[in-house]
Amino acid sequence: MQKAALPKGTRDFAPDVMRRRNFITDTIIHVYKKFGFQPIETPAMENLSTLLGKYGDEGDKLLFKILNSGDFLKKVSPEELNDADANSLGLKIAEKGLRYDLTIPFARFVVQHRNDILFPFRRYQIQPVWRADRPQKGRYREFWQCDADVIGTDSMIAEIDLIQIYSEVFDALGFDDYVLKINHRKLLEAVAITCEMDSNFRHLTVCIDKLDKIGWEGVETELATEFSHPSIEKLKTILINGKITTEFLNDLSAKLTASPSLDQALKDLREILGFISDIQLDVNMELDLSLARGLDYYTGCIFEAIIPESGIGSVSGGGRYDDLTGVFGMNDVSGVGISFGIDRLYDVMEHFGLFNELESSPVKLLLAHFDEKSRSACVKLARELRSMDISVQVYPDVKKIKKQLDYANKNHIPFVGVIGEDEIAAGSVQLKNMRNGEQVSVSQSKIGEALL
RNA sequence: GUGGUUGUAGUUCAGUUGGUUAGAACGCUUGAUUGUGGUUCAAGAGGUCGCCGGUUCAAGUCCGGUCUUCCACCCCA
C-alpha cells in the first residue's frame, strides 16, 4: 500500500478551512470591485522564458520547472549531460514553469491582449503561485495571492485607490492594528546618489530593508562588504531614524543631492500625502525609508503591510513598475499593484482569534427515514424544497434514526425532518430543531414555510 | 541552498540506564435506547513505533542514511 502524502509545503483545505479562506477572499473581492477592478485568470504554467530573469537571481532559483513531455533528454547530448551545470541543463529539458507571482503573468497578459484592453486597465486576480522555497512559519511552496493592479497610467490616483483598499480590507477583516509602510524607489535612488552608493543599488536596498530586523549595526556590517566607510556614515545620518513623517520629507530633501529621481519621488509622495489629507483617509500609513523590497521590477512607490505582533513578516506587498511590459515588447506602460497573501492573512487572523463566525452548515435540513419507502418520500420532498431554494440533504443509507440524527448533529445541520410510515400516511413530517431539541409535526406542504 | 528540530493509535501526546504482551486522553464502533442527536454508563476495535540499513543475546529507545514536520538564515505573500 502506498502512503497518502502531499509534496512538501503544500496543503489540503478541509471545508471548515475553506469557509474561512472564502471569507477572506470574498472580503477582498468585494473591496476590489468597489474600486472598479475586474477579474482575470492566467494559466498555472508559463513559458520559462516569461518567468526567468524577472525576480532576480534568487527568484530564478525558486522557480518550479516543468519537465518537457515525451523524451525530454532527446535534445541533450551525452557531453552536455556530463558537463552542464544544473541550471543550463534545466533550460534544455524544461521549457515551462509554474508561475512565481501574478504580476509578471499579468504583464504578459496585457501585452498579448493589448488590442482588447481599454487603458487604464484595472484587474484583480486570485490564484495560487508556487515557489521552491523551504517552508517555514507563514511560508508555503504553494500559496494564494490576491492581486489588484492598475496599468496604463502614472497617475497617483491609482496609488491612492490602493491605499484606500488597504484601509478597507483590513477594517473589514477585523484588524485594528496594522501598519501600511510606503516608500519610493526613486527616493532610495536619491539616497544612493547622495551617499555614492549607486554603484550597487541592489545591495544597498537589500541591506537597508533589514534595518527593522537586524538593527543599524547589522546593516552596517553588511554594507561594509560593498561600500566605503564615509558612504556608510553618510547613509547613517539619513537613515538612522528609519521612519519619517510628512514634515520630515522636507528636511530629508534638503539632505539629499538634487536629482531627477529625487524630484519625482518627492512629487509623488507629496501628492499622495496631500490626497490622504484631503479625503481625511483613516489609514495607519508610515513613510519608511528603510522599506526597499527585493523584487527587481519596482521603480516608483512601494508598499508593504504588516500586522504587528503577528509573528509573520508581511501580509501584503506591492508597488509601481514603469516598464514591466517592456521586456515583452510594449514600452512606456506604467502600472501599480498590490498583492495580499491569503495564507498569511489566514494565519494571522487565526493567531489573533479573528475568525469568530458561528459554526454553521450550508445545509438547512436533513431528511431522515426508516426504510426504502420513506426514503423515497424524502427524495421527493427534498426536490420540492430545493425548488424553493432551501438547501436539503437526504440521508443516503437506510440506517437507524439515531445514526441519522447524529450525522446532522455533527455536521451542524440545524433541522432534521423525520418521515416514516405514519408521516407518509398523514402527509406530514416530524420537524426537529437540533439546537433546542423541540419537535413538531408539520404538514409536508407547509414545511418550506416553516423553514423560511 | 545553509544550520537546527520533529516523527509512537484517526488526533494530541506519555514511554525510565536498551529488557516480557508499547500506554493515556479525546475520537471511532457496538450496546444500555428495535421511531430520536448532544449528557452519562458499559464493552470493543485500532500501532510494521516515518522508511531503509547497522550495532546488540535483545532496539520505540543507540548509530548511519533517507523522507517528513517545524524553526532560523537567504529571500519573500
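Naming: A, B, ... by sequence-line order, numbering from 1 per chain.
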Distance in angstrom units between [X] [atom1] and [N] [atom2], rounded:
X: A/Asp371; N: B/rG35; atom1: CG; atom2: P; value: 11 Å
X: A/Tyr140; N: B/rC75; atom1: OH; atom2: C1'; value: 17 Å
X: A/Asp209; N: B/rA77; atom1: CG; atom2: P; value: 10 Å
X: A/Arg375; N: B/rG35; atom1: CZ; atom2: P; value: 18 Å
X: A/Arg139; N: B/rC73; atom1: CZ; atom2: P; value: 9 Å

If [N] has a Watson-Crick or G-U wobble mate with both distances under 3.5 Å, name it; if not, just say none.
N: B/rC13; value: B/rG23
N: B/rU61; value: none
N: B/rA72; value: B/rU2
N: B/rC41; value: B/rG31

Quick one: label [X] by what it contacts on the DNA or RNA (base, sugar-phosphate, nothing), any heavy atom closer than 4.0 Å.
X: A/Gly437; answer: base
X: A/Gly56; answer: nothing
X: A/Lys210; answer: sugar-phosphate
X: A/Glu304; answer: nothing
X: A/Val416; answer: nothing
X: A/Asp343; answer: nothing

Next on the checklist: Tell me the closest heavy-atom pair linking A/Ala107 and A/Thr325, and the distance in Å.
Outcome noted: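 Reported closest heavy-atom pair: O-CG2, 3.8 Å.
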
Item to check | Cationic tip of A/Arg21 above A/Trp144 ring, under 6.0 Å, 45° of axis | outcome: yes

Item to check | Nearest-Å distance once atom P is located in both B/rC52 and B/rG60 | outcome: 13 Å

Next on the checklist: Before you tell me yes or no, could you show the steps for A/Lys403 and A/Asp397 under salt bridge (charged side-chain N to carboxylate O under 4.0 Å, His left out), namely the whole-Å CA-CA distance, both residues' side-chain angles and the distance that decides it to 0.1 Å?
Outcome noted: CA-CA 10 Å; A/Lys403 186 86 190 159; A/Asp397 302 311; over 6 Å; no

Next on the checklist: If you compare every side-chain N and O of A/Lys400 against the phosphate oxygens of B/rG31 (OP1, OP2), does one of them come in below 4.0 Å?
Outcome noted: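 Affirmative; the distance criterion is met.
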
Item to check | Flag for A/Gln393-A/Tyr407: side-chain donor and acceptor within less than 3.5 Å | outcome: yes

Checklist entry - So, A/Tyr298 and A/Asp322: side-chain donor and acceptor under 3.5 Å apart, yes or no? => result no

Checklist outcome for this item: Between A/Val315 and A/Gly9, whichever has its closest RNA chain B nucleotide further toward 5' is A/Gly9

Checklist entry - Relative to the 5' end of RNA chain B, which residue comes earlier, A/Ala132 or A/Pro135, by the nucleotide with the nearest heavy atom? => result A/Ala132

Next on the checklist: By a 5.5 angstrom centroid cut-off and a 30 degree plane limit, is there stacking between A/Trp144 and B/rA77?
Outcome noted: no

